[in-house]
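Residue numbers start from 1 in every chain, and the chains themselves are labelled A, B, ... in the order their sequence lines are given, proteins ahead of strands.
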Amino acid sequence: MKIAVIVFPGSNCDHDAYHAATDVLGESADLVWHKDADLKGADVVVLPGGFAHGDYLRTGAMARFSPIMREVQAFASRGGPVLGICNGFQVMLEAGLLPGAMLRNRDLKFLCEHVHIRVEQIDTPFTAACRRGQVLTIPIAHGEGNYFAEPDVIARLEKNRQIVFRYTTAGGEVTEAANPNGSAASIAGICNEARNVVGLMPHPERACESILGSADGLVIFQSVMQSLKSGALVGGTRQA
Amino acid sequence: MRARVFVTLKPSVFDPQGRTIADALHSLGYSSVEDVRQGKYFELDLATTEAAQARALASEVADKLLANPVIESYRVEVE
Amino acid sequence: MIEAPVIERHGLKPDEYDRIVSLLGREPNLTELGIFSVMWSEHCSYKSSRVHLKTLPTDGPQVLQGPGENAGAIDIGDGLAAVFKIESHNHPSFIEPYQGAATGVGGIIRDIFTMGARPIALMNSLRFGSLDEPGSRRILEGVVAGIAGYGNSIGIPTIGGEIAFEPSYAGNPLVNVFCLGTVKASDIIKGVASGAGNAVYYVGAKTGRDGIHGATMASAEFDDKSAEKRPAVQVGDPFMEKLLLEACLEVMRTDALIGIQDMGAAGLTCSTTEMGSRGGAGIEIDVSLVPQRESGMTPYETMLSESQERMLLVVKKGREQEVERVFEKWDLHAVHIGEVTADGLLRVKNRGEVVAEIPNRALTDEAPVYRRPMEMPAYLAEVQALDLDALGPVPRAEQALLALLASPAIASKRWVYRQYDHMVRTNTVNLPGLGAGVVRIKGTPRALSMSVDGNGRYCYLDPYRGAMLAVAEAARNVACTGARPLGATNCLNFGNPERPAIMWQFAKAVEGIGVACRALDVPITGGNVSLYNETDGNPIYPTPVIGVVGMLEHADRVLSRRFQAAGDAVILLGDGFGELGGSELLKVVCGLVRGAPPALDLKAERALQELLVTLAQSQLIRSAHDCSDGGIAVTLAECCFDADGTAADVAIDGVDVARDERVNVAAALFGESASRVVVSAAPGAAPKVLELAAAAGVPGRLIGRTGGDVLRIAVAGRVAVELPIHDAEDAWATALERYFARRVA
């Protein structure tokens, strides 16, 4: 499996995703500069966390104009698996790869801590190795992770089973207290209708080694490895 | 010409910043301030002397970048 | 001819002006006067502190770079170096808390990557007035948001720190920020200009009028007109700094660079002068080439601006394009503004016309050095006297413990550190609040442990001992994670040095730091002095803050304060009970700041720390937590927190409580005797722990067992504390956020 980690000038979790993919999982990965226009034959694309272009206007607002994003769009529309983490998720929303938008956290403060998320759907390339209802302990680190979409959009997400992760208690219960940022429907992550594009606010790449306090994020990356191996997925280059 | 673009959250979107400011005003005794909505303000210096053109251009950049139509609406003034 | 009021406005004394005239052999012009004023300010010249700082130990086989560069460096094996420093941004943070703190973070990060190191960890040491004051809450909120806003954006984890509250900081908050980076030792780069004809480059944000006279502002007391100085505060741009960081590290991988320095305090003036001075060279620049954000800026303003996120580089002649190309990749525009010269002069031109010409030596080596008069402060004798018999009623131990756990200094700082991204870069192996900050070094089995500590109250009561205790505590915290302390950095926050009493505090504190650093073998590799921390004549407590860095051989054997399992042995290493002087108990429960701070035996301290490292790395103990604020009772409670509700049953024997039982029990529980650590060990390992302690000459005793859900502490055979751990934890965990839930505009 070959992973392309997109590097925007303000990306700061690019190396973390790269480390998880290479040093922890032993896969090959490339750091792909946002001004490039070539995904270098990647099977999977990761849009990492950070502050892509400083995010002074809105988080992720400028990234969609970077040359590489045209390639990412094309890759995604060919069915290639794309994962957006934190700022990468925000970029996906701004770029229209996924519906909705992010607001500031409910209490207006940046929050960095381990949270619990429940896997709602396992028929995406990034959750295929999970159990449905499995609760993962994964850190969040964001100031604007309060997911918003109009009620009709939320209803559509529910109906199409596009809500992939929800914030819950350790026991897997959806409660207001377990929702760290005020997200609508406790949404922590969603996928597109074709299910190959997944965005989430928590950072699975920060939870891949027990020395860091949790290895629950590994299953996200193992899922996509498994999906590619089983041929359930058509990677960006393989179908060509 | 100068165009001013005012970007605010749509009425349907909860504005925690606005709410916090309203709460603060209430605690200062301004109980007649019923609600506060906050937003962003942009001044664009445009290389045109024609108001209609300036308005069209400002609207275009607001659509494309300054506002996110999912959560925000905007208003343009030209002078 | 420059008039006396102009000289005074520049913070220069008449005799200092005369010295300028004699060094130049003529009257300076206004631009030159401005340049002298910032270079000779306390902030840049260390004119009051230098004679004392020279006495600090700065050598050791582990030291790769001592004081004098942008940051210090120590050897961490495998050809790697840890580069670190602590710096203050006190005055700007009072004027504008968010931007003051944010730009403080930006500045210390630049100091680290300027050395060629990639910054991997941030910490901070903060002081505010009482949280009961809305003003202090507002400053704290702004400072924390500013630290978060900058550090989180640039992607360097803020892995810990400390916060304390005392009324003396109400008008003078302290914001000390620490940054650490790693680099191949052979790749360390210095802030030096050499080789006549080499190109001088400016890169980064444009220059505006912000921060003009920031360095002189940081060298003057505040008064009620300080609010008017607002325009002098700089605004930070973490995105620009992120670009600079990546681009500079990339440029450093070429060998086209001679030297590099950030433009911090005194901006272009300080960077050109210091780089030239270190290299024994001169620098000539033309200010008209400097990118400017505002129109009509004079050479004076350009030279003195403290706009943030700017770097000065010296590039080998002929390699300019290579360097320019790297910056272009990051959308930065490096501008060739001048050359290195052989004449040792700082020569500033404006469109080719010379507007300032000063020998570098006159600005640096020839800057005034003062041996200021000192006098023991009159207040000391009175406050050091403590009569426990006259203490009046002391509340029951349980009540006192709950009050201490809920006091802002001791309460959980989660409300603060959850605002900091403390996990980015995936190296953080000890989360904030669990002890010293620990980051692993990828590609090695090792980790670096770091702690910043200071106790202004102790130093107020006895600056010499208080400073020693700060060094000991920082090193002990590092040792508690299992790391061997290797080096230190200091940030010395004091009042107006022109007062003999303040100067005495300063000298005594520096003396104490020196003695402790020598005894514990943690040389000082750099740091920062912040004087004139006074408002309306009220000085802060003398507050030396010490950052200690140590190394763990095995990152996966890191220890935290938390008990790990029920049934483990609880062992106290070190001894001593009953020293209540300067304690948190006296302050919080009795409203007293009195007595002598705890005694410190540095030999015993060193033995304790070495023992801890041995025990941790041989995996004989499962947790370690030092006894400091609030004494052993608070320490034991903290060992139980975040530990899935595991409490402990402990007995403290061998203390005499006969005469006045309540006071003596309180002293045993809450006294802050130094050099004590509570560790836990599997039952089978406990005898070996005690045996090794005895062999190391460290007092060790089994005081109880972990388990149950009630924290029970008996003193001299009688149960003094019996608290459901959930209640204690709740008081501790929610105290800080309650101050901020009470939202006041």
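- For chain A, the nearby part of C:I154 is the backbone; its heavy atoms alone come within less than 4.5 Å.
- Heavy-atom pairs under 4.5 Å with chain C peak, among A:N87, A:L111, A:D55, at A:L111.
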Run A:L31 and A:H15 through side chain to side chain contact (heavy atoms under 4.5 Å, CB included) and show every step you take.
CA-CA 8 Å; A:L31 292 167; A:H15 286 96; 3.9 Å; yes
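- Contact annotation for A:A52: only backbone heavy atoms (N, CA, C, O) come within less than 4.5 Å of a heavy atom of chain C.
- Each of C:G149, C:A145, C:A148, C:P238 has some count of heavy-atom pairs under 4.5 Å with chain A, and the biggest count is that of C:P238.
- No hydrogens or angles considered: nothing links the side chains of C:H422 and C:T158 as a donor-acceptor pair under 3.5 Å.
- Under a 3.5 Å cut-off, the side chain of A:K35 and the backbone N or O of C:K329 do form a donor-acceptor pair.
- Neither the backbone nor the side chain of A:S210 comes within contact range of chain C, judged by heavy atoms closer than 4.5 Å.
- The number of heavy atoms from other shown groups lying within 6.0 Å of NZ (C:K184) does not exceed 12.
- Note: C:D237 leads C:D556, C:T428, C:D237, C:N427 in heavy-atom pairs under 4.5 Å with chain A.
- For chain A, no part of C:E246 is nearby; none of its heavy atoms comes within less than 4.5 Å.
- With chain A as the partner, the residue from C:K442, C:M423, C:R425 showing the most heavy-atom pairs under 4.5 Å is C:M423.
- Interface remark: of the candidates A:E113, A:R206, A:H142, A:R206 forms the most heavy-atom pairs closer than 4.5 Å to chain C.
- Interatomic distance, C:F563 CZ to C:D644 CG, rounded to the nearest 0.5 Å: 13.5 Å.
- The aromatic rings of A:H34 and A:F8 are tilted relative to each other, their planes meeting at an angle between 30° and 60°.
- Side chain to side chain, C:R110 and C:Q308 meet the donor-acceptor criterion of an N or O pair below 3.5 Å.
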